[in-house]
2 protein chains.
Amino acid sequence: MKKSSAEGKPERDGLNQRFCEVMDKKSPIEITLTERDESVTITQWVYQTLRSAVMNGQILPGRALTIRELAAILDVSPMPVREALRQLAAENALEIQGNRRVMVPRMTAMKFSELCEARIAIESHAAARALPYIDNDRLQQLRELDRCIDLAQEEGDLERISILNQNFHRALYTANPHQVTLPLIESLWLQLGPFMRLATSKLEEHYVIDRHNEAMRAIEKQDALALQLAISSDIREGFAFAATPELLHRFIEQSAAPVS
Amino acid sequence: MKKSSAEGKPERDGLNQRFCEVMDKKSPIEITLTERDESVTITQWVYQTLRSAVMNGQILPGRALTIRELAAILDVSPMPVREALRQLAAENALEIQGNRRVMVPRMTAMKFSELCEARIAIESHAAARALPYIDNDRLQQLRELDRCIDLAQEEGDLERISILNQNFHRALYTANPHQVTLPLIESLWLQLGPFMRLATSKLEEHYVIDRHNEAMRAIEKQDALALQLAISSDIREGFAFAATPELLHRFIEQSAAPVS
DNA sequence: AGTTAATGTTTGTGATCACATTTGATGTGT
DNA sequence: ACACATCAAATGTGATCACAAACATTAACT
C-alpha cells in the first residue's frame, strides 16, 4: 500500500502520543503525533495534526514549511500534506507568500490587538445570538464545563484549561442552531494560536473574577447585554497580560523569527 | 515576477467571456469561463472561477459537485479542481458532506438572517477600526467609488453595482493596515452568494437613502458611531427586500433543490 | 409488486512521476 | 574582498495511475 521502505521502521505501538523532531538546515520543527484513526482520511489526520501544532505554537512563525519535509516528519506521502496546508492557509492559520512558500504568519503587537478586538466583537455577537436558544440541557452542559474549568484551574493543568475554555465558548455559541460565525471565530483562535495558551498560563496567576459564572447568571436572566459584557470581559481579561505593551512585546518577540 | 496570490484583486471579466454548459444526468451546470492568465497557477484560476460561479449563484445549492465533472467543464486536470474545492470548502463557500461529496450549501431563512446579522456586527466593527487610518487618499478613493456606484445605478448595471459596492466596503475596511477581519467578511459575502446580487437588483427599485454618502460624512467627522450606523443601515437596507418573509422565502425556495 | 441482494460504474483519496521555478552554494571577475 | 554570474539541489505545481468506498442499476426472491 503506502509502505515503500523496506527498513524495519520503529513500530507504532500502543503509545498514544510521541514527539517527532527533525533538525533541518534551518530550525528544528517539533510536532506532536497522535495515533491515526483508520476511519479518518490521511488528509484529515494531517490537517488536525498540523492545526494542533499551529495552535500550540509548536511551529515558530516565519519558519518555511515545505510539503516534502512535513510529509517525511508525518510519515505520509506529500499529497495529504499539500491539501492540509492549503486548507489551513484558507483558514488564515498559515500564510502563503508570493514565493509560494508556506509559513506560520508572524505576530505583531497591532495585529494581536486587532485579533483580540475582533474576537470580542464577533464572540459577543455570537453569544447574544445564541442566548434565546439556550435550553436547560445546554445550561447544564455549560455549568459542567465551568465546574471542570475550576477544577483544572486548581490543579494548574494549563493544557486542560485551554481546551475546556474553548469548549465552553463553543458550547455557548453552538446553542444557536443556525450558527454561522463559529468557523470565523475558530479562525481567529487559530491565528491567536500560541498566545491563547500564554493567556491561560497568565490567567492562573491573576485569577480574576470568574467571568464564566457571570455569563451563566446573564443567561439565566436572559440578559443579552450582561452576557455580552461577560464574554467581552472574559476575552479581554484573558489577554490582560498583554495590556502591558512591554509584556506583549516580549511574547511577540519571543515567537518572532529573526528578520531575514 | 512576484505575484500577490492572496490578494483577490477585482479582475475585469468583461472581455473574453464565454459560457460552458454541461447537461449531466442531474441538473445542468453553467459556469462563466474567463481567459486564464499565464502568470497565474491553474489552481488559482480554477479557484477564482468557481468562486465567481458560487458568488453569482450559477451553481444551484444542493447540486453535487464532482471533481472530474468540473475538471471536464473547465478543461483542466482533476488536481487543480481538487485543491480549489478544498480551499472553497475551508472558506465555507462549499460544504463537504459526510459522503465526501461537495455542494453549495442550501440556504434557509434563519441562516440568511444570521448571515446578515453577522455581516452587520463584523463589518461595522471593521469600519470603526479602520476609521482612524483613513487618510485623504483613501477618502478620495472612497468618493470616487461612491460616484461610480451612483453612475452605475443610473445605468442600471447590476453587475457593476454589485462589484463596486464590494469594492467600496473593501476599500473602507482595508484602510486599517492591521486588518484581520476582511477574510472573515469575504467568507460571509461568499455564503450570501447570489443573494447579494438579488439585493442590488432590488435596491434599484427602492433607491433608498445613499448610506455611502452618510458613511463618508461620518468619516470626515471621525464619528465612529455614525459610521457604524451608516454601514449597518447600508447592509440592512441592502437586504430590506428580505424583510418580508414572503419575498425572502420565495428567493430561498427558488434556489433550494428539491428535498431528496 | 415491493424489498433485498448482487453487480458494474462512478468518485474521492492517495501515490508517484515530470517539469518549471526557486533557492542556495559555488565559482569567477573586477 | 565583494558583487555578480553560474550551476546543482530543492520545491511547488500539475498530470496520471491505482484502489477502496459509495452510488446507481439490475436481478432475484418472498
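No hydrogens, no waters, no symmetry mates; every other heavy atom, side chains included, goes into these values. First the proteins, then the strands, lettered A, B, ... as listed; each starts at 1.
- For the pair B:M103 CE and C:dT11 P, the computed distance is 17 Å after rounding to whole Å.
- B:E95 pairs by the salt bridge (Lys or Arg N to Asp or Glu O under 4.0 Å) definition with nothing, not counting sequence neighbours.
- At whole-Å resolution of the value, CD in A:Q97 and P in D:dT11 are 15 Å apart.
- Whole-Å rounding puts the A:Y47 OH to C:dT13 P distance at 15 Å.
- The distance from the CZ atom of B:F112 to the NE2 atom of A:H178 is 14.5 Å, given to the nearest 0.5 Å.
- Under the 3.5 Å distance criterion, the side-chain polar atoms of A:R119 are left unmatched by any main-chain donor or acceptor of A:I185.
- Among the heavy atoms of the strands, none lies under 4.0 Å from B:L85.
- Contact annotation: A:N99 side-chain N/O to D:dG12 OP1/OP2 distance is not under 4.0 Å.
- A:E69 places its CD atom 12 Å from the P atom of D:dA10, with the value rounded to the nearest Å.
- If you take CD1 of B:I96 and P of C:dT11, they are 18 Å apart, rounded to a whole angstrom.
- Atom pair A:R101:CZ and C:dT22:P shows a separation of 11 Å (rounding to whole Å applied).
- The salt bridge (Lys or Arg N to Asp or Glu O under 4.0 Å) analysis of residues 44-62 of chain B, with sequence neighbours excluded, yields the pairs B:R51-B:E91, B:R51-B:E186.
- Atom CZ in B:R100 sits about 7 Å away from atom C1' in C:dG12, given to the nearest Å.
- Here D:dT13 presents its P atom at 16 Å from CD of B:E38, a figure rounded to the nearest Å.
- Within the model, atoms CD of B:Q58 and OG of B:S52 stand 8.0 Å from one another, a figure rounded to the nearest 0.5 Å.
- For the atom pair CG of A:L145 and CG of A:L172, the computed distance is 10.5 Å after rounding to the nearest 0.5 Å.
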Distances under 3.5 Å only, N/O to N/O: pair up the protein atoms with those of nucleotides 14-17 of chain D.
| residue | atom | partner | partner atom | Å |
| --- | --- | --- | --- | --- |
| D:dG14 | OP1 | B:I42 | N | 2.3 |
| D:dG14 | OP1 | B:T43 | N | 3.4 |
| D:dG14 | OP2 | B:T43 | N | 3.4 |
| D:dG14 | OP2 | B:T43 | OG1 | 2.4 |
| D:dG14 | N7 | A:R82 | NH1 | 3.0 |
| D:dG14 | N7 | A:R82 | NH2 | 3.1 |
| D:dG14 | O6 | A:R82 | NH2 | 3.0 |
| D:dA15 | OP2 | B:S77 | N | 3.4 |
| D:dA15 | OP2 | B:S77 | OG | 2.1 |
| D:dA15 | O5' | B:S77 | OG | 3.3 |

